[in-house]
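Structure first, then comments.
Since this is a predicted model, take the numbers as computed values, not measurements. Here is how names work: the chains are called A, B, and so on, in the same order as the sequence lines, proteins then strands, and each is numbered from 1.
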There are 2 protein chains.
Amino acid sequence: MATIHDVAQQAGVSVTTVSRVLNNRGYISEATRKKVFETMDALNYQPNEIARSLLRKQSNIIGLIIPNVSHPFFSELASQVEYYAYENGCKVLLCNSQLDPAKERDYIEMLKRNRVDGIIMGSHTLEVEEYVSLRSPIVTIDRRIGEKIPFISSDNYRGGVLATELLIRKGCRKLAHICGNLELDLLANSRSEGFRDTADKHGIEHMTIQTDMNVFDQEQYARIIQELLDQHPDVDGIFATSDIIAAFAVKGCVKIGRRVPDEMRIIGYDDVSAAAWLTPAITTVQQPIAEIGRLAVELIRRQLDGEPYEVDNTLPVELIERATT
Amino acid sequence: MATIHDVAQQAGVSVTTVSRVLNNRGYISEATRKKVFETMDALNYQPNEIARSLLRKQSNIIGLIIPNVSHPFFSELASQVEYYAYENGCKVLLCNSQLDPAKERDYIEMLKRNRVDGIIMGSHTLEVEEYVSLRSPIVTIDRRIGEKIPFISSDNYRGGVLATELLIRKGCRKLAHICGNLELDLLANSRSEGFRDTADKHGIEHMTIQTDMNVFDQEQYARIIQELLDQHPDVDGIFATSDIIAAFAVKGCVKIGRRVPDEMRIIGYDDVSAAAWLTPAITTVQQPIAEIGRLAVELIRRQLDGEPYEVDNTLPVELIERATT
DNA sequence: TATCATATGTCAACCCTTTGACATGTCATT
DNA sequence: AATGACATGTCAAAGGGTTGACATATGATA
């Protein structure tokens with residue numbers, strides 16, 4: 001790989017001149033500028049960003065830690081983060097924690113060693129203290145880990161309320177709620193509170209079922225649904241904490257001949273694009289995924305630039321009624 | 001951020017000693033090693049990977065360029081690539097080209113400037129020459145761009161044959177095939193050849209419909225399906241080039257009351273996990289996504305280490321029969 | 001006692017680029 | 001003739017870490 005020295009030599013100018021051309025500073029004649037650019041082309045020169053980063057103490061890399069990109073919600077989030085990072089001249093380092101604390105810790109250290117500009121944390125298996133030692137800008141998705149550390153989440157409680165109210169309004173008599181592991185300290189857990197409070201308020205019988213993990217485990221989802229339908233045949237409304245789980249609920253119902261939505265109403269959460277192209281299309285609580293991604297990148301940038309920022313970024317949710325209610 | 005100098009000073013040893021501890025070379029007493037590690041802990045020191053990369057001329061970063069991670073096939077691929085990269089001590093830089101040549105070119109240059117160890121190319125909007133100027137190891141997914149550049153693809157032709165034969169065996173009389181943009185020079189295009197040849201061989205009437213782009217555009221998919229069902233009511237079998245398109249086909253049929261699979265048989269491609277949790281579950285041609293990811297990382301590593309490698313990595317496909325045929 | 005493995009230190013070069021300080025020279029304007 | 005904008009050059013330091021050459025010192029072994 002050619003260096004700036006090679007370019008300078010080939011072009012018959014000094015290294016300083018090439019650097020000046022490259023960084024657009026000082027006086028440079030058109031002729032020289034042209035000659036330098038031509039030489040760079042000829043040598044297929046690309047400035048070594050690593051050397052630049054070392055000097056600038058900035059890598060222009062954002063670390064994105066999530067449970068797994070293969071989960072539709074996180075894949076859409078990653079897509080948005082990448083989009084806005086690119087708009088801001090940043091790159092995205094993709095880190096799947098698989099919700100394994102060791103891997104998550106490992107990735108955090110790796111990101112520190114690589115002096116990333118900031119970390120977007122969408123995986124939360126560690127204790128709060130472990131994140132706090134990080135000096136670099138952080139933004140968390142769906143968890144609050146400190147007074148000053150900005151977090152982004154959808155209005156989970158309201159999402160829970162909206163979903164539950166819809167089920168009740170549609171005439172459901174007994175509700176089931178399938179959520180993630182409530183022991184993880186996530187803001188998503190307030191969906192469950194919203195569910196419980198609303199069902200209680202309306203005097204509707206209800207139950208909550210936890211899944212072991214947040215990572216996408218198809219077999220587990222299928223099993224849980226089957227058990228639910230088996231053991232609680234009187235349940236006629238399900239509020240699932242993700243569209244994928246809702247899809248499995250639909251599948252489980254179809255399998256045993258329970259008609260959706262007539263005999264069973266199902267509502268998901270997230271509004272990933274699959275929710276719309278599934279048959280039947282899934283009623284869901286929409287999180288503004290694009291906005292979450294945009295905001296995450298912006299909050300990193302603001303911290304980096306020392307601009308003021310909101311700590312609590314709770315975004316509105318919207319009920320999207322489709323075919324499963 | 002603490003530097004190696006700070007650690008040395010604090011620990012009362014020389015920089016060289018710290019470096020020796022860090023890199024496990026030369027003689028170091030247990031006492032010194034311990035003291036150094038303690039000091040690193042106390043100072044929350046993390047060696048600057050940027051400085052190391054500069055020296056080593058290796059970043060341990062793999063660039064992954066794909067149309068968009070939000071597409072299920074690519075999100076699953078990205079997940080696998082990340083998994084195997086991590087196993088090999090590498091990081092993954094996520095690049096969505098959106099199938100925009102300018103963005104793809106931009107990302108390629110960015111990756112060169114960042115001296116990545118290798119590039120996995122899953123987006124192919126540029127001319128072959130533009131890739132060849134890259135010196136760094138490349139692996140392409142689903143496109144052949146040079147004699148020496150390794151590519152990975154599933155056995156697309158056979159996939160097309162298998163899918164078409166199944167439809168014919170099930171009794172379909174007129175087939176439609178929905179594929180991506182055939183003008184992109186992709187190996188996936190041979191799925192279409194497999195389709196055509198097989199239908200011709202059996203004397204079955206058939207048609208092929210191209211989508212504009214490969215990127216996930218829901219509205220376009222829905223429109224194309226609707227037009228197909230509208231204008232060709234006699235088509236009773238659809239071979240879609242992705243499971244997502246197949247899902248839209250199912251949706252379109254349900255909408256107009258065409259029963260699947262009785263009145264219309266549909267088969268997809270990829271076997272993304274959604275294919276299994278959709279209702280009805282989609283019959284599809286399975287690509288070995290995990291193996292593609294594993295191999296992609298391995299081929300980068302082999303090129304880097306100067307080990308021999310296969311150029312043609314065509315992997316077997318498997319027909320997965322589910323509920324839409 | 002000579003030798004050697006062990007343990008640590010000093011010093012300098014190197015990876016590639018940026019940047020500031022300073023020098024030199026040309027040409028046009030006042 | 002003096003001034004100033006323009007154009008380019010030289011030189012050196014800095015960013016953080018690695019590495020090889022070489023020096024020195026200790027304690028154990030032959």
Check: Do you see a donor-acceptor pair shorter than 3.5 Å between the side chains of T16(B) and S19(B)?
Finding: no
Next item on the list: Identify whether any heavy atom of T3(B) sits under 4.0 Å from a base atom; if not, whether one sits that close to sugar-phosphate; answer base, sugar-phosphate or nothing.
Entry: sugar-phosphate
Check: Between atom CD1 in I50(A) and atom C1' in dG17(D), what is the gap in whole Å?
Finding: 13 Å
Check: Taking 5' to 3' order, which nucleotide of DNA chain C is first and which is last to have an atom within less than 4.0 Å of a heavy atom in chain B?
Finding: dA5(C) to dC16(C)
Next item on the list: Before accepting this row, confirm whether a basic side-chain N of the pair E82(A)/K103(B) lies closer than 4.0 Å to the acidic partner's carboxylate O.
Entry: yes
Margin query: Please report the distance, rounded to the nearest Å, between CG in L54(A) and P in dA13(D).
Written below: 17 Å
Next item on the list: Flag the pair K34(A) and E30(A) as a salt bridge only when some basic side-chain nitrogen lies within less than 4.0 angstrom of an acidic carboxylate oxygen.
Entry: no
Checklist line | Contact under 4.0 Å: Y27(B) side-chain N or O vs dT24(D) OP1/OP2 | finding: no
Check: Just checking S29(B): base, sugar-phosphate only, or nothing, at a heavy-atom cut-off of under 4.0 Å?
Finding: sugar-phosphate
Notebook entry, point to check: When you match K57(B) and V15(B) each to their closest nucleotide on DNA chain C, which lands nearer the 5' end?
Noted result: V15(B)
Note to self: If the test is side chain to side chain contact (heavy atoms under 4.5 Å, CB included), which one of D142(B), I152(B), N313(B) qualifies with I292(B)?
What the structure shows: I152(B)
Item checked: Gap separating the CG atom of N114(B) from the CD atom of E109(B), nearest 0.5 angstrom -> 12.0 Å
Margin query: Could you go through L94(A) and I66(A), starting from their C-alpha distance and side-chain angles, then the distance that decides it, and tell me whether this counts as side chain to side chain contact (heavy atoms under 4.5 Å, CB included)?
Written below: CA-CA 8 Å; L94(A) 176 66; I66(A) 53 182; 4.2 Å; yes
Notebook entry, point to check: Which part of the nucleic acid does S14(A) contact within heavy-atom distance under 4.0 Å: base, sugar-phosphate only, or nothing?
Noted result: base
Notebook entry, point to check: Starting at CG of L55(A) and ending at C1' of dG17(D), how long is that distance when rounded to a whole Å?
Noted result: 15 Å
Notebook entry, point to check: For dT18(D), does either OP1 or OP2 sit under 4.0 Å from a side-chain N or O belonging to R52(B)?
Noted result: yes
Item checked: E49(B)/K112(A) ion pair, N-O < 4.0 Å -> no
Notebook entry, point to check: When the nearest nucleotide of DNA chain D is assigned to A51(B) and to T16(B) on a heavy-atom basis, which residue is associated with the more 5' position?
Noted result: A51(B)
Margin query: Please report the distance, rounded to the nearest Å, between CD in Q58(B) and P in dG17(D).
Written below: 19 Å
Item checked: N23(B) CG - dG16(D) P separation (whole Å) -> 17 Å
Next item on the list: Determine the contact category for R20(A): base if any of its heavy atoms lies under 4.0 Å from a base atom, sugar-phosphate if only primed atoms, P, OP1 or OP2 are that close, otherwise nothing.
Entry: base
Note to self: What's the angle between the local helix axes at either end of the helix from dT1(C)-dA30(D) to dT30(C)-dA1(D), using five pairs per end and rounding to 10 degrees?
What the structure shows: 50°
Checklist line | Interatomic distance where CE belongs to M1(B) and C1' belongs to dG16(D) [whole Å] | finding: 13 Å
Notebook entry, point to check: Roughly how far apart are L295(A) CG and R301(A) CZ, rounded to 0.5 Å?
Noted result: 11.0 Å
Checklist line | Inter-residue atom distance S123(B).OG - R143(B).CZ, 0.5 Å rounding | finding: 9.5 Å
Item checked: Nearest-angstrom distance from the residue atom CG of N48(A) to C1' of dG17(D) -> 15 Å
